[in-house]
Engineer: 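First the structure, which I've put down as structure tokens, then a few questions once you've had a look.
Each chain gets a letter, A, B and so on, in the order its sequence line appears, and its residues count up from 1.
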Amino acid sequence: MSRFTSRLLNWYRQNGRTLPWRGHRDSYAVWVSEIMLQQTRVETVIPYFEKWIKRFPTVKALAQSSEQDVLNLWEGLGYYSRARNLHQAAKIVIEQYNGELPHDLDALRELPGIGRYTVGAIASMAFGMDEPTLDGNIRRVLARVFDVSEPADSRAGEKILWELAAKHLPKGEAGNYNQALMDLGATTCLPKNPHCLICPVMCLCKAHELGIQEKRPVMKPKKKTPHYIHAAAVIEKNGRVLLAKRPSKGLLGGMWEFPNARVNGDPAKELAKTIQTATRLKVRRKEALEIVEHAYSHFSVATHPFRCELVSMPENQNLKWVRVGELEDYPMGRIDRQIARQLN
DNA sequence: AACACGTGGGA
DNA sequence: TTCCCAAGTGT
């Protein structure tokens, strides 16, 4: 075992985090946690994980649930294709693998939502296999300790990093090794202001020696997400409001929302016309609500809800009248949920 | 290879 | 306010 690995594992025994999915015998729990943790903070995931395991305790329970129920539990977590993929994969595991996640790496990789990282995580943590993995934390730790100057998100950089991860992997302890790397990255080897003075591998770290910690890993410049303003209509009739279901693919796939459309100029001026065009409803503006603007930091939308009077009924199958008190049953993105809550 | 895909928190 | 990030995957 390399000095690097030895120090890392020793640190992990004392400093590893206690998390709800660790120590679970069940590979399903590991699987669920890994999917939820993709691009998502641990603190955000914990309550969702607890709820999820209570509501869907087994692969079978998940497979037999409706997509509506699944998306409802995922609401607020973001990246909703993860929920749809997890649901779909559960059905495959029931039908093709007798309800047990396959130990075969290729079979695992073919399940929707399970990529190279998740295969390594599940194989090592749930099955005790000697498999490396590479996530944002591990990438950062390795790029610093071994001074990888190649862009970490390039083909060449990834190859180098996967090889480093594999090279230092201790036989029989891959699960602890992978989790140790992730914990070190999450608690000590931080993207900004890393805590080098308390790092167990400081004395081995090339980036620290050169004083270039924050210059590793090298990343390709990323494009920023555009910001659009949408107008949303709260259309009431007989104590119900009109909801629209988004297409199952793409942004907020499968989620419900208030009929809305993008606006360009002055929202107040374009509202009725825009909504009318978007929903093919004949609507008449009746009473303006307080204008609310929600700005996302990544994908961005702003909404301007208003009440309006329905003139004619559309035949769109994705539209549904829902009692205000039952809006909670319909999975929505955060903006629409915020509007829904304002309706009381 | 480059992009789309959510959200909440911190600087 | 604006920007960047945080346990990736699918196309």
Engineer: Within the pair A/R41 and B/dT7, is there a side-chain N or O less than 4.0 Å away from OP1 or OP2?
Structural biologist: no
Engineer: Work out how far the P atom of C/dT11 is from that of B/dG6, and round it to whole angstrom.
Structural biologist: 14 Å
Engineer: OP1, OP2 of C/dG8 versus side-chain N and O of A/R139: anything below 4.0 Å?
Structural biologist: no
Engineer: Of the nucleotides B/dC5, B/dT7, C/dG8, which one has an atom closest to the side chain of A/Y80?
Structural biologist: B/dT7
Engineer: Using whole Å, report how far CG of A/L37 lies from P of C/dG8.
Structural biologist: 8 Å
Engineer: When the nearest nucleotide of DNA chain B is assigned to A/N193 and to A/G76 on a heavy-atom basis, which residue is associated with the more 5' position?
Structural biologist: A/G76
Engineer: Judged by each residue's nearest nucleotide on DNA chain C, which is more toward the 5′ side, A/A186 or A/L111?
Structural biologist: A/A186
Engineer: Is atom NZ of A/K245 surrounded by more than 12 heavy atoms (other residues, nucleotides or ligands) closer than 6.0 Å?
Structural biologist: yes
Engineer: Please determine if a side-chain N or O atom of A/R246 lies less than 4.0 Å away from the OP1 or OP2 oxygen of B/dC5.
Structural biologist: no
Engineer: Can you tell me if the side-chain N/O atoms of A/K192 get under 4.0 Å from OP1 or OP2 in C/dC5?
Structural biologist: no
Engineer: To the closest 0.5 Å, what do you measure between CD1 (A/I138) and SG (A/C189)?
Structural biologist: 11.5 Å
Engineer: Check every strand shown and say whether A/L19 touches a base, only sugar-phosphate, or nothing at a heavy-atom separation below 4.0 Å.
Structural biologist: base
Engineer: Rounded to whole angstroms, how far apart are CG on A/L252 and P on B/dC5?
Structural biologist: 9 Å
Engineer: Can you tell me how far C1' of B/dA4 sits from CG of A/N85, to the nearest Å?
Structural biologist: 14 Å
Engineer: Need one value for A/V45: base, sugar-phosphate or nothing, where a base atom within 4.0 Å counts as base even if backbone is also close, heavy atoms only.
Structural biologist: nothing
Engineer: At less than 4.0 Å, is any side-chain N or O atom of A/Q39 found next to OP1 or OP2 of C/dA6? Yes or no.
Structural biologist: no
Engineer: Return yes when atom NZ of A/K167 has more than 12 non-hydrogen atoms of other residues, nucleotides or ligands closer than 6.0 Å, and no otherwise.
Structural biologist: no
Engineer: Quick check on C/dC5: is either OP1 or OP2 less than 4.0 Å from any side-chain nitrogen or oxygen of A/K222?
Structural biologist: yes
Engineer: Judged by each residue's nearest nucleotide on DNA chain B, which is more toward the 5′ side, A/T44 or A/D153?
Structural biologist: A/D153
Engineer: Rounded to whole angstroms, how far apart are CG on A/L190 and C1' on B/dG9?
Structural biologist: 14 Å
Engineer: In Å and rounded to the nearest 0.5 Å, what is the CZ to NZ distance from A/R240 to A/K320?
Structural biologist: 9.5 Å
Engineer: Nearest-nucleotide wise, let me know which of A/I114 and A/G185 is further upstream toward the 5' end of DNA chain C.
Structural biologist: A/G185
Engineer: Please state the P separation for the pair B/dC3 and C/dC4 - nearest whole angstrom.
Structural biologist: 15 Å
Engineer: Return the value, rounded to whole Å, for the distance between atom CH2 of A/W74 and atom C1' of C/dT9.
Structural biologist: 12 Å
Engineer: Using only heavy-atom distances, decide whether a donor-acceptor pair under 3.5 angstrom links the side-chain of A/R82 to the base of B/dC5.
Structural biologist: no
Engineer: Roughly, in whole Å, what's the span from CD in A/E34 to P in C/dA6?
Structural biologist: 17 Å
Engineer: Per the atom types in the model, does the base of C/dG10 pair as donor or acceptor with the side chain of A/S81 at under 3.5 Å?
Structural biologist: no
Engineer: Just verifying a value: how many Å separate A/W21 CH2 and A/M125 CE, rounded to the nearest 0.5 Å?
Structural biologist: 11.0 Å
Engineer: In terms of side-chain geometry, is the basic nitrogen of A/D183 or A/R22 positioned less than 4.0 Å from the acidic oxygen of its partner?
Structural biologist: yes
Engineer: What is the distance, rounded to the nearest whole Å, between atom CZ of A/R155 and atom C1' of B/dA2?
Structural biologist: 12 Å
Engineer: Check every strand shown and say whether A/W21 touches a base, only sugar-phosphate, or nothing at a heavy-atom separation below 4.0 Å.
Structural biologist: base
Engineer: Is A/R109 touching bases, backbone alone, or none of the nucleic acid, heavy atoms closer than 4.0 Å?
Structural biologist: sugar-phosphate
Engineer: Taking atom CD of A/Q14 as the centre, report whether more than 12 heavy atoms of other residues, nucleotides or ligands fall under 6.0 Å from it.
Structural biologist: no
Engineer: Mind calculating the distance between CD1 (A/I35) and P (B/dG6) to the nearest angstrom?
Structural biologist: 15 Å
Engineer: Closer than 4.0 Å, any side-chain N/O of A/T118 to the OP1 or OP2 of C/dT9?
Structural biologist: yes
Engineer: Can you find a donor-acceptor pair, distance only, under 3.5 Å between A/Y79 side chain and B/dG6 base?
Structural biologist: yes
